[in-house]
Amino acid sequence: MIITCKKKVPLHWIAFAIMPWAAFSFKGGIIGVGFLFSLKKFVENPAGLTFVLSLPSFISLVLQPVISFVSDRIWTRFGRRKPFVVTSFFGITACLVLMPFMPNFWTLLAVYMVYNVFADLNSPMEPLKQEIIPPSERGRATAAMSWFSNLATMTFWFVALGRFDDVSYMGGLAIKGETVIYCSGALLMVVMGLLITLGIREVDQKSPLR
């Protein structure tokens with residue numbers, strides 16, 4: 001069990017704390033490029049595509065600062081960051097599973113917007129990481145995080161994305177590459193969500209902000 005706000009931590013705690021960023025990088029590829037491919041099934045106009053992709057910014061402009069502000073000033077039996085982070089991970093998972101099955105533009109757009117609300121709930125993840133990793137280890141942790149994130153990005157671009165339009169058959173059931181890519185991202189989110197839920201215990205710092 002990882003406990004926050006320790007002055008010294010073992011290396012495997014650091015590795016644990018940076019693992020979500022590799023999952024974020026893979027998921028970011030899915031939402032950044034994979035979603036664009038999915039959207040082009042319904043929208044061909046470049047202006048329309050860029051308009052849809054810009055919509056989440058209006059949500060993030062308000063929601064991310066509010067969530068970050070609140071996560072500094074509350075305390076629950078589960079901690080102050082974890083309730084937001086865990087809710088975010090499992091909400092993102094559900095949206096990723098649904099996206100490749102949406103039958104039209106409006107349902108896909110609705111799931112995309114809900115996805116971005118859950119993604120914004122994840123803004124306390126960075127402070128949670130900093131509360132796990134002491135200041136003396138943060139430089140090394142950032143370097144390792146960058147390496148793992150780049151590896152996940154390369155895996156997405158060189159292995160996953162090229163299979164987007166593939167169709168395989170298993171027992172007569174057609175399995176699309178698009179579905180496999182989205183579900184791979186969802187599986188990563190589930191694993192990270194479970195690790196954070198079961199593997200981290202936040203310590204109440206008795207912050208005067210509260």
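Since the model is a prediction, treat every value here as computed from it, not as a measurement.
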Taking atom CZ as the centre, does Phe148 end up with more than 12 heavy-atom neighbours from other residues, nucleotides or ligands that are less than 6.0 angstrom away?
no

Using the ring of each side chain (for Trp, its six-membered ring), is Phe26 parallel, tilted or perpendicular to Phe156, with breaks at 30° and 60°?
perpendicular

Run the side-chain contact (heavy atoms from CB on, under 4.5 Å) check on Val203 and Lys6 step by step: do they pass?
CA-CA 9 Å; Val203 174; Lys6 294 288 187 180; 6.0 Å; no

Are Leu198 and Ile18 connected in a single hydrophobic cluster, I mean Ile/Leu/Val/Met/Phe/Trp/Tyr linked by side-chain heavy atoms less than 4.5 Å apart?
no

Between the main-chain N or O of Arg80 and the side-chain N or O of Glu202, is there a donor-acceptor pair closer than 3.5 Å?
yes

A side-chain contact here means heavy atoms from C-beta on lying under 4.5 Å apart; do Ile3 and Val9 qualify?
no

When rounded to the nearest 0.5 angstrom, what is the spacing between CG in Leu108 and CE in Met113?
11.5 Å

In this structure, would Val97 and Phe90 fall into the same cluster of hydrophobic residues linked by side-chain contacts under 4.5 Å?
no

Between atom OG of Ser25 and atom CH2 of Trp157, what is the distance when rounded to the nearest 0.5 Å?
12.5 Å

Between atom CG of Leu173 and atom OG of Ser168, what is the distance when rounded to the nearest 0.5 Å?
10.5 Å

Would you check if the side chain of Ser54 reaches a backbone N or O of Phe51 as a donor-acceptor pair within less than 3.5 Å?
yes

Hey, could you give me the CG/CZ distance between Leu53 and Phe35, rounded to the nearest 0.5 Å?
6.5 Å

Are Leu55 and Phe37 grouped together when hydrophobic residues (ILVMFWY) are joined by side-chain heavy atoms under 4.5 angstrom apart?
yes

Using atom types as modelled and distance alone, determine if a side-chain donor or acceptor of Ser146 lies under 3.5 Å from a backbone N or O of Thr142.
no

Interatomic distance, CG@Leu39 vs CE@Met99, rounded to 0.5 Å, equals 10.0 Å

What do you reckon, is CZ of Arg201 surrounded by more than 12 foreign heavy atoms closer than 6.0 Å?
no

Of all the heavy-atom pairs spanning Ser123 and Ser68, show the shortest one and how long it is.
OG-OG, 3.3 Å

Can you find a heavy atom in the side chain of Arg81 that is under 4.5 Å from one in the side chain of Ser71?
yes

Common cluster, Val86/Phe78, ILVMFWY with side-chain heavy-atom separation under 4.5 Å
no

Is any side-chain heavy atom of Val180 less than 4.5 Å from a side-chain heavy atom of Ser184?
yes

How far apart are the closest heavy atoms of Lys40 and Glu44, and which atoms are they?
O-OE2, 3.2 Å

Donor-acceptor check, side chain of Asn122 to backbone of Met125, threshold 3.5 angstrom: yes or no?
no

When you measure from the side chain of Ser88 to the backbone of Phe84, do you find a donor-acceptor pair of N or O atoms at a distance under 3.5 Å?
no

Ignoring hydrogens, what is the shortest heavy-atom contact between Ala47 and Thr50? Give both atom names and the distance.
O-OG1, 3.0 Å

Flag the pair Leu98 / Tyr182 as yes when at least one side-chain heavy-atom distance between them is below 4.5 Å, and no otherwise.
no

Contact check, side chains of Met189 and Leu96, non-hydrogen atoms, under 4.5 Å
yes

Quick check: closest heavy atoms across Val111 and Cys95, and the distance to 0.1 Å?
CG1-O, 3.6 Å

Minimum heavy-atom distance between Ala17 and Lys129, given as atom pair plus value
O-CG, 3.9 Å

Is it true that atom CZ of Phe105 has more than 12 heavy atoms of other residues, nucleotides or ligands lying nearer than 6.0 Å?
yes

Going through the distances and angles, do Ile67 and Asp120 end up as a side-chain contact (heavy atoms from CB on, under 4.5 Å)?
CA-CA 8 Å; Ile67 295 300; Asp120 288 341; 5.7 Å; no

I'd like to know whether Thr93 forms a side-chain contact (heavy atoms from CB on, under 4.5 Å) with Phe118, so could you lay out the CA-CA distance, the side-chain angles of the two residues, the decisive distance to 0.1 Å, and finally the verdict.
CA-CA 10 Å; Thr93 297; Phe118 281 115; over 6 Å; no

Would you call the rings of Trp21 and Phe24 parallel, tilted or perpendicular, taking 30° and 60° as the class edges?
perpendicular

So if you build clusters from Ile, Leu, Val, Met, Phe, Trp, Tyr with side-chain heavy-atom gaps below 4.5 Å, do Ile175 and Phe101 land together?
no

Before you tell me yes or no, could you show the steps for Lys27 and Ile92 under side-chain contact (heavy atoms from CB on, under 4.5 Å), namely the whole-Å CA-CA distance, both residues' side-chain angles and the distance that decides it to 0.1 Å?
CA-CA 10 Å; Lys27 176 201 49 104; Ile92 287 172; 3.8 Å; yes

Should the heavy atoms of other residues, nucleotides or ligands under 6.0 Å from NZ of Lys41 be counted, would the total exceed 12?
yes

Nearest 0.5 Å, what's the CZ-CG distance between Phe58 and Asn116?
12.5 Å

Write down the atom of Phe89, the atom of Gly193, and the distance for their closest heavy-atom approach.
CD2-N, 3.4 Å

